[in-house]
Amino acid sequence: MNIHTYEKLWLAAAMVLIVGFIATITYGSVGVGVAMIDDSEATLDPNDLGEDERFAEPRVEHVGDNEYEAYVVARQFIFQPNPIEVPAGSTVTFYVTSADVIHSFSIVGTNANTMVIPGEVATMTVEIDEPGEYGILCNEYCGAGHHDMEGLLIVHPEDEFDLEGEE
Amino acid sequence: MSAYVDQFPAEARIVRAAFWSSFIALGVGGLLGLVQVLHRTDVVRFMSGADYYTVLTLHGVLLAITFTIFFLVGIFTWAITTSLDRGLENLRFTWLWYGLMSVGTVLAAIPILAGFVGSVDMSASVLFTFYAPMQAHPLFYLGLTIFVVGTWLAGADWFRTWLVWKREHPDERIPLPTFMVLTTMLFWYLSSLGVALSILLFLLPWSLGIWEQVNALLTRTLFWYFGHAVVYFWLMPAYMMWYLMLPKISGGKLFSDPLARVVFVLFLILSTPTGIHHQYLDPGIAEGFKFIVMTNTFFLLLPSLLTAFTVVASMEHGARQRGGTGYFGWLKALPWRDPIFTGMALAGLMFAAAGFSGMINAGMNINYLVHNTFWVVGHFHLTVGTAVALTFMAASYWFIPQVTGKRLWNKSVALWQVLLWFVGMTFMSNAMHRAGLLGVPRRTAEPQYAGFEFEAGLGSVAELDAQIALGGTLLFVSVVLFLANVVMTAVGDRIDDLPDNEYADTLSGADDAPLVLDNLKLWTAIAVVLVILAYTLPLLSIIDRGGVFGPGGGAFPMVAESLRLVVVAAVDAGVIG
Amino acid sequence: MTELEREIGHDEYDPIGTLALIAVYSAILVVMWLFMYFVEFLGNDLTVVGVIG
Ligand code: HEM
Ligand SMILES: [Cu+2]
Ligand SMILES: [Cu+2]
């Protein structure tokens with residue numbers, strides 16, 4: 001088989017491109033520390049969310065210095081809790097599960113975006129620096145009211161934030 | 001030499017039937033596409049948000065499944081018979097698979113359409129991905145299965161024809177068009193097995209009430225096992241047209257037959273073990289699996305990048321034979337007034353743009369930015385919606401005369417039609433990509449929210465909406481012009497000075513290709529091994545975590561949703577009021 | 001179907017125009033890739049990071 005020199009050149013360039021793309025992504029994972037949604041949480045029965053200590057009462061919890069955990073339930077066609085309130089300058093881990101069909105939990109205009117699959121718990125840790133408000137939406141079709149499924153993430157200035165039930 | 005319809009009149013009939021089935025789907029699907037852009041952008045809304053999803057289900061199924069696959073079984077039949085220079089073995093069998101595909105389509109369409117009728121307790125507004133635990137009416141799953149079985153039999157028909165030919169020509173190379181059909185069908189068998197298993201083992205029995213629950217992640221993974229490879233099932237026929245038709249229309253020859261074979265072999269072995277790249281953001285799948293799949297996916301760029309070179313070099317060969325010169329000046333020597341050429345060339349150009357957005361989609365972590373946003377819709381309207389669809393339409397301007405024996409009704413309408421598609425898609429797809437970057441979701445009837453707004457850095461959401469609505473309208477006009485042209489051609493008079501039924505010659509021919517390339521058994525075996533390597537662990541892990549039937553949860557039939565909502569709203573109002 | 005001005009055989013044909021086009025294409029790809037990754041993606045808010053603690 002004779003391959004024209006130019007095509008060999010292109011083949012080599014294409015390999016460089018491909019390796020370069022993979023290298024960029026690897027840099028993002030290893031260098032920047034971008035983590036993927038993974039399988040770190042055990043499965044659970046979506047019909048029994050009421051018995052799960054995290055999801056029976058969807059809420060935000062203060063778990064460490066500047067660390068918060070948000071237990072979020074997505075269901076046709078709402079997110080609970082809503083709004084989700086956290087202070088600026090914090091690290092927040094979202095645990096998101098579904099009570100019925102597949103949804104997504106996507107914080108609008110940001111990289112925080114995950115599928116929400118019944119039986120699975122998606123975990124997503126983000127650092128939130130500035131106060132402000134973000135929309136939350138579901139970007140996976142989940143039934144007739146899918147387009148009404150929205151929520152809000154309110155980031156309070158650090159000194160104005162009080163979590164209910166905390167001193 | 002003569003036209004196809006004179007060489008193979010009986011096969012021409014089946015190809016015609018397949019084309020018409022395909023075109024009906026294109027017409028209806030295109031109209032629904034227009035309805036969608038107008039509804040989403042709030043330019044014209046005449047139905048409820050709930051009905052939008054029924055429309056979208058139909059648009060997805062009709063265009064991604066019916067339009068594409070009916071068209072490709074037509075050209076595959078042409079490719080086999082033309083390149084082996086023999087008819088199909090048994091036309092009764094041929095009509096059987098065509099019949100199964102048609103019956104399957106109708107059966108799947110019935111429950112989808114019933115979704116519009118509130119009083120009928122039947123629906124399938126589950127979109128073409130039908131993710132459980134959303135549940136469609138059993139007829140929907142049954143129809144899809146019958147359709148897929150039809151395509152399997154079509155493949156058997158072509159393999160059989162080839163085997164008979166091989167007995168008579170033991171020492172000949174597989175002709176390139178046949179080679180393309182056979183490799184494509186091999187990975188189609190391999191990949192459609194996943195969706196068949198998902199439907200037959202889980203979804204269909206579950207919709208019939210035999211199983212109480214299914215594993216949402218498992219059925220979703222089985223869907224994507226098939227769902228990525230299916231894009232190559234659409235794309236390979238388009239590539240085939242670019243390899244076999246474009247060089248000839250450009251006035252040249254195919255640059256390299258051996259490399260074309262290499263490309264199809266690469267698709268056979270690599271197209272299936274990549275499906276998990278649609279699940280980068282799924283919980284329940286380890287990051288490591290996602291990384292492996294990303295590597296496979298990026299290497300799958302290789303055959304497409306090679307195709308770009310080989311096809312463009314073949315066009316350049318034509319242009320230079322026609323007197324073209326210079327580094328870029330040769331482009332002017334190409335037959336831009338020929339709608340067949342221009343349609344395919346523009347389709348290829350848009351595919352190059354799609355290559356870019358596809359690379360972004362394929363990047364494991366950058367996927368956070370675009371996953372399930374309108375960006376993705378912009379991407380695949382460049383791939384299946386243009387690289388494939390526009391190539392098919394342009395190819396039709398050659399095929400319809402070949403299989404009907406009639407002259408193309410109007411060549412300049414055809415030229416305008418392909419140009420209009422290009423312009424319309426430029427508007428629609430570009431704006432969809434940009435909207436996606438703002439976070440505008442796909443598959444959403446009314447992406448206007450009460451509590452927040454999308455923030456556009458450049459321009460505004462209103463400007464993007466306007467471009468999407470304009471682009472979608474131009475595309476719809478283009479579909480209408482296309483259909484008018486093929487229908488007017490079909491009702492015209494028979495002529496007998498049609499061009500011969502031929503495809504491109506090669507500069508570097510089959511004798512240049514190592515014999516091992518034609519060893520289909522070897523490549524199939526490698527493909528199977530790669531699939532096993534890529535999928536065993538993820539599937540076992542999903543089953544290990546959640547069980548074969550999942551950790552629990554019910555079924556959520558998408559039955560008469562609009563009606564249910566109205567009832568719920570009425571009750572609410574009554575209770576409160 | 002088309003009038004050819006000359007016949008170019010396998011050995012006398014160098015697809016230099018293709019090489020040029022494809023070089024331009026790769027350059028665009030690389031620039032857009034870098035822009036999308038480092039500006040649009042990594043420059044965006046709320047990037048998901050590894051679980052802490
Ligand atoms: C008249 C031309 C077309 C228009 C105006 C159009 C418009 C649209 C729009 C607006 C959507 C997105 C809806 C949403 O996510 O909410 C969509 C989805 C889609 N379109 Fe098209 N489209 C056209 C042609 C095509 C063609 C030719 C194909 C394929 C051959 C195609 C395949 C699809 C698929 C597969 C989906 C995704 C469905 C889903 O998300 O379930 N479209 N189309
Ligand atoms: Cu939703
Ligand atoms: Cu894919």
Side-chain angles (χ1 to χ4, degrees), chain A residues 1-4 7 10-11 14-15 17-18 21-22 24-25 28-29 34-39 41-48 76 100-102 104 106 108-123 133-135 137-147 150-152, chain B residues 49-50 53 127 131 133-134 216-217 258-259 280-287 290 294-295 298-299 301-302 305-306 309 359 363-365 368-369 371-373 438-439 441-447 449-452 454-455 508 512-514 541 545-546 550-554 556 558 561-562 565:
Chain A
M1 178 152 112
N2 61 44
I3 304 179
H4 194 278
E7 189 138 25
W10 172 236
L11 199 60
M15 289 305 274
L17 274 181
I18 290 173
F21 293 143
I22 298 176
T24 318
I25 303 291
S29 298
V34 183
M36 296 310 295
I37 307 295
D38 64 8
D39 61 349
E41 294 298 307
T43 55
L44 79 190
D45 184 341
N47 289 338
D48 293 343
Q76 288 173 331
D100 39 50
V101 299
I102 298 181
S104 96
S106 308
V108 178
T110 77
N111 293 334
N113 185 3
T114 181
M115 301 306 300
V116 183
I117 299 179
E120 300 284 348
V121 179
T123 59
E133 264 187 28
Y134 298 93
L137 58 74
C138 169
N139 66 20
E140 184 54 86
Y141 167 63
C142 53
H146 161 61
H147 46 277
E150 61 172 295
L152 214 55
Chain B
Y53 302 107
L127 305 189
Y131 296 139
M134 272 196 297
L217 182 58
L259 275 180
Y280 284 145
L281 302 192
D282 279 14
I285 300 180
E287 178 159 3
K290 293 176 178 172
M294 175 184 74
T295 321
F298 273 123
F299 278 99
L301 278 175
L302 203 61
L305 294 174
L306 279 178
F309 192 99
M359 286 161 198
M364 181 175 76
N365 41 39
Y368 277 120
L369 180 64
H371 184 79
N372 266 0
T373 67
L438 309 182
R442 69 180 287 198
R443 298 185 147 178
T444 299
E446 290 155 19
Y449 292 86
F452 60 89
F454 298 102
E455 278 167 41
S508 161
D512 239 1
S541 144
R545 293 166 50 78
F556 297 85
M558 294 290 116
E561 271 292 354
S562 40
L565 281 194

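Interface check for chain B: of the options A:Cys142, A:Gly28, A:Ser29, the most heavy-atom pairs under 4.5 Å are formed by A:Ser29. Per-residue heavy-atom pair counts under 4.5 Å with chain B were compared for A:Ile3, A:Asp100, A:Leu44, and the maximum is reached by A:Asp100. Counting heavy-atom pairs closer than 4.5 Å to chain A, the top-ranked of the candidates B:Ala286, B:Ala445, B:Pro258 is B:Ala286. Ranked by heavy-atom pairs under 4.5 Å with chain A, the first of B:Thr295, B:Leu305, B:Leu127, B:Thr373 is B:Leu305. Comparing B:Met364, B:Glu287, B:Arg545, B:Met134 by heavy-atom pairs within less than 4.5 Å of chain A, the highest count is held by B:Arg545. Put simply, of A:Val108, A:Leu137, A:Leu152, the one with the most heavy-atom pairs under 4.5 Å next to chain B is A:Leu137. When each of B:Leu302, B:Asn365, B:Asp512 is scored by its heavy-atom pairs under 4.5 Å with chain A, the top score falls to B:Asn365. In terms of heavy-atom pairs under 4.5 angstrom with chain B, the leader among A:Glu41, A:Glu140, A:Glu7 is A:Glu7. Note: B:Tyr53 leads B:Phe298, B:Tyr131, B:Tyr53, B:Tyr280 in heavy-atom pairs under 4.5 Å with chain A.
Proximity to chain A is absent for every atom of B:Glu455, based on heavy atoms less than 4.5 angstrom apart. Within the 4.5 angstrom heavy-atom criterion, only backbone atoms of B:Ile285 (N, CA, C, O) approach chain A. Proximity to chain B involves both the backbone and the side chain of A:Thr114, based on heavy atoms less than 4.5 angstrom apart. With a 4.5 Å cut-off on non-hydrogen atoms, B:Leu306 touches chain A through its backbone and its side chain both. Contacts of B:Met359 with chain A are made by side-chain atoms alone, with heavy-atom separations under 4.5 Å and no backbone atom involved. If you measure heavy-atom distances from B:Met294 to chain A, the contacts under 4.5 Å come from the side chain alone. Only the side chain of B:Ser508 comes within less than 4.5 Å of a heavy atom in chain A; its backbone stays farther off.
Atom-to-atom distance recorded for A:Leu17:CG and A:Trp10:CH2 is 6.0 Å, nearest 0.5 angstrom. Considering CD1 of A:Ile117 and OG1 of A:Thr43, their distance stands at 12.0 Å, rounded to 0.5 Å.
B:Phe452 has its side chain within reach of A:Glu150: a pair of non-hydrogen atoms, C-beta onward, lies under 4.5 Å apart. For the pair A:Asn113 and A:Asn139, the minimum side-chain heavy-atom distance is below 4.5 Å. Here the side chains of A:Met115 and B:Pro283 are in contact, with some heavy-atom distance below 4.5 Å. Between A:Phe21 and B:Leu301 there is a side-chain heavy-atom pair separated by less than 4.5 Å. Under the 4.5 Å side-chain criterion, counting only non-hydrogen atoms from C-beta, A:Met36 is in contact with B:Tyr368. Considering only heavy atoms from C-beta on, A:Pro118 comes within 4.5 Å of B:Pro133 through its side chain. The shortest side-chain heavy-atom distance between B:Lys290 and A:Ile37 falls under the 4.5 Å cut-off.
The aromatic rings of B:Phe454 and B:Tyr449 sit perpendicular, their planes meeting at an angle over 60°, well past the 30° parallel limit.
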